[in-house]
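Okay, structure first, notes after.
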Amino acid sequence: MPRIPRLNLIDIPQHIVQVGNNNLSCFFDDGDYQFYLDSLRNAASQYQVEIHAYVLLPNMVQIIATPKVPNGVSSMMQSLGRRYVQYINHRYKRSGTLWGGRYKSSLIDSDSYLLSCYRYVELRPLYLGVVEHLADHFWSSFDHNTNITKDPIITEHNLYLALGDSPHERAQAYRNLFRCQFEYRLLEYIAETIKLGQILGDEAFKTKIEKIANQRVRPLKRGRPKKSVSNEIISEKHEETSE
């Protein structure tokens with residue numbers, strides 16, 4: 001299925017994924033992870049993007065973010081990507097590409113899927129076998145969202161804030177979300193939308209985005225267009241004449 005045009009719309013959260021070239025590592029020690037996070041914080045502030053959740057893995061970055069200005073996410077990711085590649089090339093005396101092409105992104109229907117995307121992102125270290133317990137992975141927003149530590153990168157989304165009246169209540173409600181096994185079809189749906197750069201939401205949400213963006217967000221169907229009734233009649237008459 002073809003990829004639709006990438007959209008950067010104000011106040012619409014996005015699921016962002018960037019992978020190492022050929023799925024190879026892009027982080028090599030703790031210093032690299034920390035440099036990336038420092039750069040992410042600076043770029044998010046510069047381009048007015050709110051970061052709600054993230055995870056850094058050896059060969060991948062996943063982020064949930066909301067732009068507050070037009071093209072905020074694309075500007076942030078371009079600046080962040082260049083800065084981090086320059087850092088890695090200089091530190092390890094290497095050259096060439098680090099990322100496997102441009103980042104992928106998917107707009108999120110907040111009311112239906114935002115907190116599920118939080119879970120999807122923060123569970124990656126566990127699902128991919130990087131650690132046995134989420135608490136053992138230091139390079140994600142999980143500790144912030146469960147009120148273990150405060151992360152200066154994170155801006156809490158209104159839906160997260162609605163989980164409780166205090167940080168403790170919100171953290172407890174958020175932890176409870178992780179007690180349930182991730183429904184497989186939802187897991188596959190989130191993975192497929194980010195892979196294809198499609199909208200994560202129902203038809204009503206997609207219609208809303210099309211009106212805001214003034215462009216198509218649903219992929220065209222494959223195959224030849226169906227003939228109209230008049231065309232079918234003309235075609236049949238042509239075949240009869242040929243016989």
Side-chain angles (χ1 to χ4, degrees), residues 1-20 23 26 36-37 40 43-44 47-57 59-68 71-78 80-81 99-128 134 137 139-142 144-145 151 153-160 174 177-178 182-203 205-206 208-210 212-213 217-219:
M1 191 175 292
R3 182 184 299 276
I4 63 173
R6 189 162 58 188
L7 299 174
N8 285 274
L9 302 180
I10 297 173
D11 293 331
I12 304 293
Q14 297 186 29
H15 181 190
I16 302 160
V17 174
Q18 191 155 35
V19 180
N23 282 319
C26 42
Y36 187 93
L37 290 182
L40 174 60
Y47 296 105
Q48 299 182 53
V49 178
E50 295 181 348
I51 307 298
H52 309 305
Y54 69 85
V55 66
L56 308 187
L57 297 165
N59 68 331
M60 180 190 308
V61 173
Q62 296 206 23
I63 301 169
I64 306 296
T66 300
K68 308 307 288 186
N71 299 314
V73 166
S74 57
S75 297
M76 177 188 77
M77 293 303 294
Q78 288 168 12
L80 176 60
W99 304 112
R102 300 195 310 163
Y103 73 91
K104 298 177 181 178
S105 65
S106 173
L107 298 187
I108 303 168
D109 181 352
S110 300
D111 293 339
S112 300
Y113 293 105
L114 184 64
L115 293 179
S116 292
C117 284
Y118 275 40
R119 290 174 60 212
Y120 179 92
V121 165
E122 293 177 354
L123 281 168
R124 291 296 87 197
L126 202 62
Y127 277 28
L128 297 176
L134 285 181
H137 190 75
W139 310 108
S140 85
S141 53
F142 180 77
H144 177 95
N145 288 326
D151 190 332
I153 294 175
I154 296 298
T155 299
E156 291 161 348
H157 192 277
N158 288 339
L159 284 175
Y160 174 85
Y174 190 72
L177 297 177
F178 286 78
F182 217 117
E183 204 274 319
Y184 180 75
R185 286 180 295 179
L186 177 58
L187 193 70
E188 289 292 296
Y189 180 45
I190 295 174
E192 186 73 3
T193 55
I194 190 63
K195 177 182 177 181
L196 298 175
Q198 296 178 350
I199 305 294
L200 184 62
D202 61 18
E203 293 304 307
F205 181 71
K206 292 172 184 176
K208 172 186 172 182
I209 295 301
E210 286 179 332
I212 295 173
V217 302
R218 282 167 270 217

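Proximity of a side-chain donor or acceptor of S141 to a complementary backbone N or O of Y54 within less than 3.5 Å is detected. Although no hydrogens or angles enter the test, the distance criterion places a donor-acceptor pair under 3.5 Å between the side chain of Y160 and the main chain of N145. H52 contributes a side-chain N or O that, together with a main-chain N or O of T155, makes up a donor-acceptor pair within less than 3.5 Å. In this structure, the side chain of T193 engages the main chain of I190 through a donor-acceptor pair within 3.5 Å. Listed for the T66 side chain is no donor-acceptor partner under 3.5 Å among the backbone atoms of D11. Side chain of N59 to backbone of G20: no donor-acceptor contact under 3.5 angstrom is found.
The side-chain heavy atoms of L40 and M76, taken from C-beta on, include a pair separated by under 4.5 Å. Annotation: side chain of Y189 is in contact with side chain of L200 (closest heavy-atom distance under 4.5 Å). Annotation: side chain of F142 is not in contact with side chain of V55 (no heavy-atom distance under 4.5 Å). Using a 4.5 Å heavy-atom cutoff, the side chains of F182 and R119 are in contact. Annotation: side chain of L159 is in contact with side chain of D111 (closest heavy-atom distance under 4.5 Å). Between L80 and Y47, the closest side-chain pair of non-hydrogen atoms is not below 4.5 Å.
Put simply, OG on S140 and CZ on R124 are 12.5 Å apart, with the number rounded to the nearest 0.5 Å. Within the model, atoms CG of L128 and NE2 of H137 stand 10.0 Å from one another, a figure rounded to the nearest 0.5 Å. Taking CD from E156 and NE2 from H144, the interatomic distance works out to 4.0 Å, rounded to the nearest 0.5 Å. Note that CG of N8 is 5.5 Å distant from CG of N71, once rounded to the nearest 0.5 Å. To the nearest 0.5 Å, atom OH of residue Y120 and atom CD1 of residue I64 are 10.0 Å apart. Rounding to the nearest 0.5 Å gives a distance of 14.0 Å between CG of L107 and OH of Y113.
Residue Y127 qualifies as enclosed at atom OH: its count of foreign heavy atoms under 6.0 Å is above 12. Counting non-hydrogen atoms of neighbouring residues, nucleotides and ligands closer than 6.0 angstrom, the NZ atom of K208 reaches no more than 12 such neighbours.
Between E188 and R185, none of the side-chain N atoms (NZ, or NE/NH1/NH2) sits under 4.0 Å from a carboxylate O, so this pair counts as no salt bridge.
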Any chance you could lay out the side-chain hydrogen bond (donor to acceptor under 3.5 Å, both in side chains) test for Y103 and Q14, step after step, and finish with the verdict?
CA-CA 12 Å; Y103 73 91; Q14 297 186 29; 5.1 Å; no
For L37 and D151, run side chain to side chain contact (heavy atoms under 4.5 Å, CB included): C-alpha distance rounded to whole Å, both residues' side-chain angles, the deciding distance at 0.1 Å, then the answer.
CA-CA 10 Å; L37 290 182; D151 190 332; 5.7 Å; no
Output, in order, the C-alpha distance, side-chain angles, deciding distance and verdict of side chain to side chain contact (heavy atoms under 4.5 Å, CB included) for L57 and Q62.
CA-CA 8 Å; L57 297 165; Q62 296 206 23; 5.6 Å; no
Before giving the answer on side chain to side chain contact (heavy atoms under 4.5 Å, CB included), spell out for L177 and Y118 the whole-Å C-alpha distance, their side-chain angles and the decisive distance to 0.1 Å.
CA-CA 10 Å; L177 297 177; Y118 275 40; over 6 Å; no
Side chain to side chain contact (heavy atoms under 4.5 Å, CB included) assessment of Y174 paired with E122:
CA-CA 12 Å; Y174 190 72; E122 293 177 354; 2.6 Å; yes
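The two residues E183 and L186 come nearest to each other via the heavy atoms OE1-N, 2.9 Å. Closest heavy-atom contact between D109 and G201: CB-CA, 3.7 Å. Nearest approach of W99 to C26, heavy atoms of both residues: CZ3-SG, 3.5 Å. The two residues I194 and S106 come nearest to each other via the heavy atoms CD1-N, 3.7 Å.
Of the listed residues (L114, I51, L115), just one forms a side-chain contact (heavy atoms from CB on, under 4.5 Å) with H157, and that residue is L114.
Under the rule for a salt bridge (Lys or Arg N to Asp or Glu O under 4.0 Å), the partners of E210 that lie at least two apart in sequence or sit in another chain are R218.
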